[in-house]
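Have a look at the structure below before the remarks.
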Amino acid sequence: MRLSGAIIAGVLLAAVGAVPARAAASNADLALRWAPIHYQDVDATGSHALGGKSDYITRYDFDGDLNGRNNWDNAGQESTAYAYYSVVETGTHWYLTYFFFHPRDWVDHPFFETEHENDGEGLLEIVEKDGSEYGQLRAAVTVAHSDFYSYTPAGSTWTSGGETIDGTLQTQSSPHDSFQHPVTAQEAKGHGLKAYPQYTINGDGIVYYPSTVAEAPSSTNDRDVRYKLVDIFASGGMWAQRTNTNLFAALGTFAGDTTGGCGTGTYGCGTNSANAPWGWDDGNDTPARGELATDPAKLAVAYFTVPGSLSRTYTANGYAVAAAALRAAAETLPRTID
């Protein structure tokens with residue numbers, strides 16, 4: 001039996017309609033797509049450097065326990081590379097926070113600088129939902145100790161707002177996937193984080209690439225090391241441990257003491273001096289303590305001039321379950337200098 005053209009067209013249309021729509025990217029996929037290629041400067045001088053390993057990124061539980069007060073003591077035992085992420089979402093944007101951990105914030109001289117146990121710095125990336133699978137990266141804000149720095153990639157429609165944009169967020173191809181990734185860098189010792197090349201590698205250093213695989217550097221000058229991303233909101237993970245007093249001295253502040261030689265031969269050793277993303281604070285800016293991670297849409301409006309719409313209503317925000325406690329902490333806790 002011969003089918004008419006109209007019938008054939010209808011059959012084809014029905015077949016096309018039956019094909020399921022392409023699934024939206026998962027949080028893990030989004031985080032991996034936009035995760036930075038990360039330049040880590042390394043200094044191997046002095047006993048506190050541990051031959052350079054004090055500048056390698058790793059897990060906050062690298063030593064197999066959830067005790068923040070022995071991480072200085074156990075530093076260097078495990079240098080496999082990990083980083084942490086969270087995804088907060090509105091109807092118009094994704095907000096991706098990345099956190100890099102070092103067991104030591106250290107110095108190698110006795111003059112006017114302190115060191116401390118644990119070190120947590122990172123960045124926020126703001127991605128506009130434009131109908132594509134991964135959206136369009138519009139801006140980033142990095143954390144360097146107790147200051148935030150804002151950046152936009154080339155071609156971004158976002159401009160300076162309440163804060164002046166500090167530079168261009170460069171992108172670079174990865175040998176491990178097909179994407180252009182933003183490029184960030186951390187200084188040695190204190191590990192402040194900015195967009196590359198505002199910080200860069202001076203001499204020895206590690207270039208870390210985002211991946212689903214975790215590798216350890218082969219030397220202090222390894223330029224191709226993959227780091228694995230871990231969800232901050234994972235079951236039993238960093239956010240789940242936020243009230244664990246062995247790991248956190250206060251909401252958003254890692255516990256740290258002066259054991260293991262911290263401060264020996266230097267100006268001093270601080271205690272409880274490192275922050276998780278919900279404790280990050282630039283004290284002279286509009287966003288309150290932790291809001292870079294917990295209320296990033298507020299920060300976006302405060303920092304940038306944004307064309308078009310930017311929703312302030314969250315459709316997914318894992319930090320919201322502790323919103324009241326986070327607000328109280330922001331109002332009552334003293335500033336922590338990382």
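Excluded from the calculations below are hydrogen atoms, water molecules and symmetry mates; all remaining heavy atoms, backbone and side chain alike, are included.
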inquiry  = Regarding Gln136 and His93, do their side chains bring together a donor and an acceptor under 3.5 Å, going by distance alone?
reply    =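 There is no such pair between these side chains.
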inquiry  = Do Ser211 and His176 pair up side chain to side chain, a donor and an acceptor below 3.5 Å, judged on atom types alone?
reply    =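 No donor-acceptor contact under 3.5 Å links the two side chains.
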Any donor-acceptor N/O pair, [X] side chain to [Y] backbone, under 3.5 Å:
X      : Y      : result
Glu115 : Cys269 : no
Asp41  : Asn202 : yes
Glu291 : Ala288 : yes
Glu187 : Gly192 : yes
Ser156 : Ala139 : no
His109 : Phe111 : yes
Thr114 : Gly268 : no
Glu215 : Arg226 : yes

If you round to the nearest 0.5 Å, how far is [atom2] of [Y] from [atom1] of [X]?
X      : Y      : atom1 : atom2 : result
Ile201 : Tyr196 : CD1   : OH    : 8.0 Å
Asn246 : Arg69  : CG    : CZ    : 6.5 Å
Asn244 : Asn67  : CG    : CG    : 9.0 Å
His102 : Asn118 : NE2   : CG    : 12.0 Å
Asp282 : Asn284 : CG    : CG    : 4.5 Å
Ile57  : Glu121 : CD1   : CD    : 13.0 Å

inquiry  = Which residues pass the side chain to side chain donor-acceptor pair (under 3.5 Å) test with Ser26, not counting sequence neighbours?
reply    =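 For Ser26 the side chain to side chain donor-acceptor pair (under 3.5 Å) partners, ignoring immediate neighbours, are Asp29.
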query = For Arg223, what residues pass the side chain to side chain donor-acceptor pair (under 3.5 Å) criterion, not counting sequence neighbours?
reply =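 Checked Arg223 against side chain to side chain donor-acceptor pair (under 3.5 Å); matches are Asn221.
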ask   = Hey, does the Lys NZ or Arg CZ of Arg242 hover above the aromatic six-ring of Trp239, less than 6.0 Å from the centre and inside 45° of the axis?
value =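 Yes, cation above the ring, under 6.0 Å and within 45°.
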task = Kindly confirm or rule out a cation-pi arrangement of Arg59 over Tyr82, judged by NZ or CZ under 6.0 Å from the six-membered ring centre and within 45° of its axis?
result =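 Output yes; distance and angle both within limits.
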Using the benzene-type ring in the case of Trp, are the ring centres of [X] and [Y] under 6.0 Å apart?
X      : Y      : result
Trp72  : His48  : yes
His191 : Phe100 : no
Tyr84  : Tyr98  : no

Close side-chain approach of [X] and [Y], heavy atoms under 4.5 Å:
X      : Y      : answer
Asp224 : Tyr208 : no
Trp34  : Val127 : yes
Asp285 : Glu163 : yes
Glu78  : Asp63  : no
Ile232 : Trp278 : yes
Arg289 : Thr253 : yes
Pro103 : Thr58  : yes
Thr305 : Trp158 : no

ask   = Are Lys129 and Glu89 close enough for a salt bridge, meaning some N to O gap below 4.0 Å?
value =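 A salt bridge links Lys129 with Glu89.
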inquiry  = I'd like to know if Lys189 and Asp108 make a salt bridge, using a cut-off of under 4.0 Å between side-chain N and carboxylate O.
reply    = yes
message = Within the supplied structure, the quantity of interest is the number of heavy atoms (other residues, nucleotides, ligands) at a distance under 6.0 Å from Lys298 NZ; does it exceed 12?
response =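 Yes, enclosed.
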message = Could you check whether atom NZ of Lys53 has more than 12 heavy atoms from other residues, nucleotides or ligands sitting under 6.0 Å from it?
response = no
request  = List the steps, then state whether side chain to side chain contact (heavy atoms under 4.5 Å, CB included) holds for Val141 with Leu299.
outcome  = CA-CA 9 Å; Val141 178; Leu299 180 141; 3.7 Å; yes
In the single-linkage hydrophobic clustering (I, L, V, M, F, W, Y; side-chain heavy atoms under 4.5 Å), do [X] and [Y] co-cluster?
X      : Y      : result
Ile126 : Val143 : yes
Val230 : Leu96  : no
Val321 : Val88  : yes
Leu137 : Tyr149 : yes
Tyr151 : Phe304 : no

Please report the shortest heavy-atom distance between [X] and [Y], naming the atom on each side.
X      : Y      : answer
Tyr85  : Asn27  : CE1-O, 3.9 Å
Phe99  : Asn275 : CE1-O, 3.4 Å
Ala35  : His181 : O-ND1, 2.7 Å
Thr97  : Ala293 : OG1-CA, 3.9 Å
Glu117 : Cys262 : N-SG, 4.3 Å
Gln172 : Tyr209 : NE2-OH, 3.8 Å

query = Should Asn71 and Tyr60 be marked as a side chain to side chain donor-acceptor pair (under 3.5 Å) after you check the CA-CA gap, both sets of side-chain angles, and the distance that decides it?
reply = CA-CA 8 Å; Asn71 285 337; Tyr60 65 87; over 6 Å; no
ask   = Going through the distances and angles, do Asp257 and Thr271 end up as a side chain to side chain donor-acceptor pair (under 3.5 Å)?
value = CA-CA 5 Å; Asp257 61 21; Thr271 60; over 6 Å; no
task = Can you label the angle between the Tyr319 ring and the Phe233 ring as parallel, tilted or perpendicular, going by 30° and 60°?
result = perpendicular
query = Parallel, tilted or perpendicular: which fits the ring planes of Phe179 and Tyr134, with parallel below 30° and perpendicular above 60°?
reply =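 Ring orientation, 0 to 90° scale: perpendicular.
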inquiry  = Let's go through Tyr95 and Leu124 carefully: what are the C-alpha distance in whole Å and the side-chain angles of both, what is the deciding distance for side chain to side chain contact (heavy atoms under 4.5 Å, CB included) to 0.1 Å, and is it a yes or a no?
reply    = CA-CA 7 Å; Tyr95 298 89; Leu124 167 71; 3.9 Å; yes
key: Thr90 and Arg312: CA distance, side-chain angles, deciding distance, side chain to side chain contact (heavy atoms under 4.5 Å, CB included) verdict   = CA-CA 7 Å; Thr90 69; Arg312 291 286 303 275; over 6 Å; no
message = If you apply the rule side chain to side chain contact (heavy atoms under 4.5 Å, CB included), what do you find for Asp43 with Trp106, and how did you get there?
response = CA-CA 10 Å; Asp43 188 339; Trp106 64 282; 3.9 Å; yes
